Amino acid sequence: MEAGALSDLDFDTALAMLAWQVELGADEALAETPINRYEAHAEAEASAPPAQSGPALPMPGPGAVPHPMPLRVAGPDPVAVAEDAARAAPDLEALHAAIAGFALCELKRGAKTTVFADGNPAARVMILGEAPGRDEDIQGKPFVGRAGQLLDRMLAAIGLSRSNPDPGGAVYIANILPWRPPQNRDPEAAEIAMMMPFVRRHLELAAPDILVLMGNTPCAAVLGRRGITRMRGQWAEALGLPVLPTFHPAYLLRNPHAKREAWADLLDLRARLKGLP
Ligand code: URA
């Protein structure tokens with residue numbers, strides 16, 4: 001669009017266009033004025049020295065094996081950095097600060113907030129979801145959008161809530177990833193791997209008696225397996241805790257018929273909780 005046409009826009013249209021670009025992921029201005037990269041490229045080509053006629057670079061011959069790994073830009077190992085930072089956090093507040101200060105996950109750059117946790121940290125039940133969505137990114141708390149509201153209603157049906165001061169009637173909620181992936185895309189394995197040291201430390205510090213995993217991403221991260229339809233309702237053990245995989249509430253919003261099974265899981269959770277010493 002030409003500069004003249006841009007300046008003719010009314011405020012609301014300009015704001016809507018800007019919001020649309022931010023939604024697409026273009027949320028950072030890198031220069032005061034826009035740069036026309038096509039023109040810059042053409043100018044660079046015109047002023048480039050003529051091609052050298054020296055020896056050509058060797059081409060891979062027949063039978064050459066392509067490099068098996070994508071080349072990684074040299075730098076610190078994000079998992080090792082995360083391990084050190086997580087281990088050094090003596091309490092939840094310090095862990096929150098350590099996560100917020102971890103700069104090696106690209107997701108952080110696109111997120112508005114670091115979504116750490118919500119609920120009662122002393123709760124006997126801890127719930128792990130996948131990653132913040134749009135509402136969570138705005139409010140800085142996990143599970144506050146439509147899926148989160150359904151989750152609250154499900155928990156209330158078995159007498160649990162985030163705000164209950166009694167650890168036996170409370171839940172503590174966090175996600176595998178503390179930053180919203182762009183356009184809510186699935187988290188990448190490398191992103192999960194580098195945030196897992198923080199998740200493990202989070203579990204150590206909160207020390208729940210039961211862990212509930214909502215959906216495939218936390219199951220893959222904690223249990224190393226996917227396939228929530230088969231896994232749901234089957235108690236497992238991980239990180240020294242009894243673990244209950246169940247459907248993600250966003251899945252239940254899209255597939256209301258699965259609420260029956262989710263309800264069975266909730267009843268099972270309540271029974272297990274009641275049976276704790
Ligand atoms: N989905 C999640 O997995 N976590 C949230 O916090 C919100 C939606």
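By convention here, the first residue in the shown sequence is residue 1. We count ligands from 1, going down the list as the structure has it; atoms in each ligand are counted the same way. Everything numeric here is computed off the predicted structure, so don't read it as measured data.
Between the side chain of Asn164 and the backbone N or O of Asp166, at least one donor-acceptor pair lies under 3.5 Å. Asn175 contributes no side-chain N or O that, together with a main-chain N or O of Pro178, makes up a donor-acceptor pair within less than 3.5 Å.
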Sequence neighbours left out, cut at 3.5 Å: what donor-acceptor pairs do the side chains of residues 241-252 make with other protein atoms?
{"from": "Thr246", "atom 1": "OG1", "to": "Asp265", "atom 2": "OD2", "distance (Å)": "2.7"}
{"from": "His248", "atom 1": "ND1", "to": "Ala250", "atom 2": "N", "distance (Å)": "2.9"}

In residues 203-221, what donor-acceptor pairs under 3.5 Å come from side-chain atoms, sequence neighbours left out?
{"from": "Glu204", "atom 1": "OE1", "to": "Arg201", "atom 2": "NH1", "distance (Å)": "2.5"}
{"from": "Asp209", "atom 1": "OD2", "to": "Arg124", "atom 2": "NE", "distance (Å)": "2.6"}
{"from": "Asp209", "atom 1": "OD2", "to": "Arg124", "atom 2": "NH2", "distance (Å)": "3.1"}
{"from": "Asn216", "atom 1": "OD1", "to": "Gly227", "atom 2": "N", "distance (Å)": "2.8"}
{"from": "Asn216", "atom 1": "OD1", "to": "Ile228", "atom 2": "N", "distance (Å)": "3.1"}
{"from": "Thr217", "atom 1": "OG1", "to": "Glu130", "atom 2": "OE1", "distance (Å)": "2.9"}

Can you give the donor-acceptor pairs under 3.5 Å from side chains of residues 138-156 to other protein atoms, not counting sequence neighbours?
{"from": "Gln149", "atom 1": "NE2", "to": "Val144", "atom 2": "O", "distance (Å)": "3.3"}
{"from": "Asp152", "atom 1": "OD1", "to": "Arg162", "atom 2": "NE", "distance (Å)": "2.9"}
{"from": "Asp152", "atom 1": "OD1", "to": "Arg162", "atom 2": "NH2", "distance (Å)": "3.2"}

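For the residue pair Asp137 and Trp179, no side-chain donor N or O sits within less than 3.5 Å of a side-chain acceptor on the partner.
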What are the distances between nitrogen or oxygen atoms of ligand 1 and protein nitrogen or oxygen atoms, counting only those under 3.5 Å?
{"from": "ligand 1", "atom 1": "1 (N)", "to": "His248", "atom 2": "NE2", "distance (Å)": "3.2"}
{"from": "ligand 1", "atom 1": "3 (O)", "to": "Glu130", "atom 2": "N", "distance (Å)": "2.7"}
{"from": "ligand 1", "atom 1": "3 (O)", "to": "Ala131", "atom 2": "N", "distance (Å)": "3.4"}
{"from": "ligand 1", "atom 1": "3 (O)", "to": "His248", "atom 2": "NE2", "distance (Å)": "2.8"}
{"from": "ligand 1", "atom 1": "4 (N)", "to": "Ala131", "atom 2": "O", "distance (Å)": "3.1"}
{"from": "ligand 1", "atom 1": "4 (N)", "to": "Asn175", "atom 2": "OD1", "distance (Å)": "2.8"}
{"from": "ligand 1", "atom 1": "4 (N)", "to": "Asn175", "atom 2": "ND2", "distance (Å)": "3.4"}
{"from": "ligand 1", "atom 1": "6 (O)", "to": "Phe143", "atom 2": "N", "distance (Å)": "2.8"}
{"from": "ligand 1", "atom 1": "6 (O)", "to": "Asn175", "atom 2": "ND2", "distance (Å)": "2.9"}

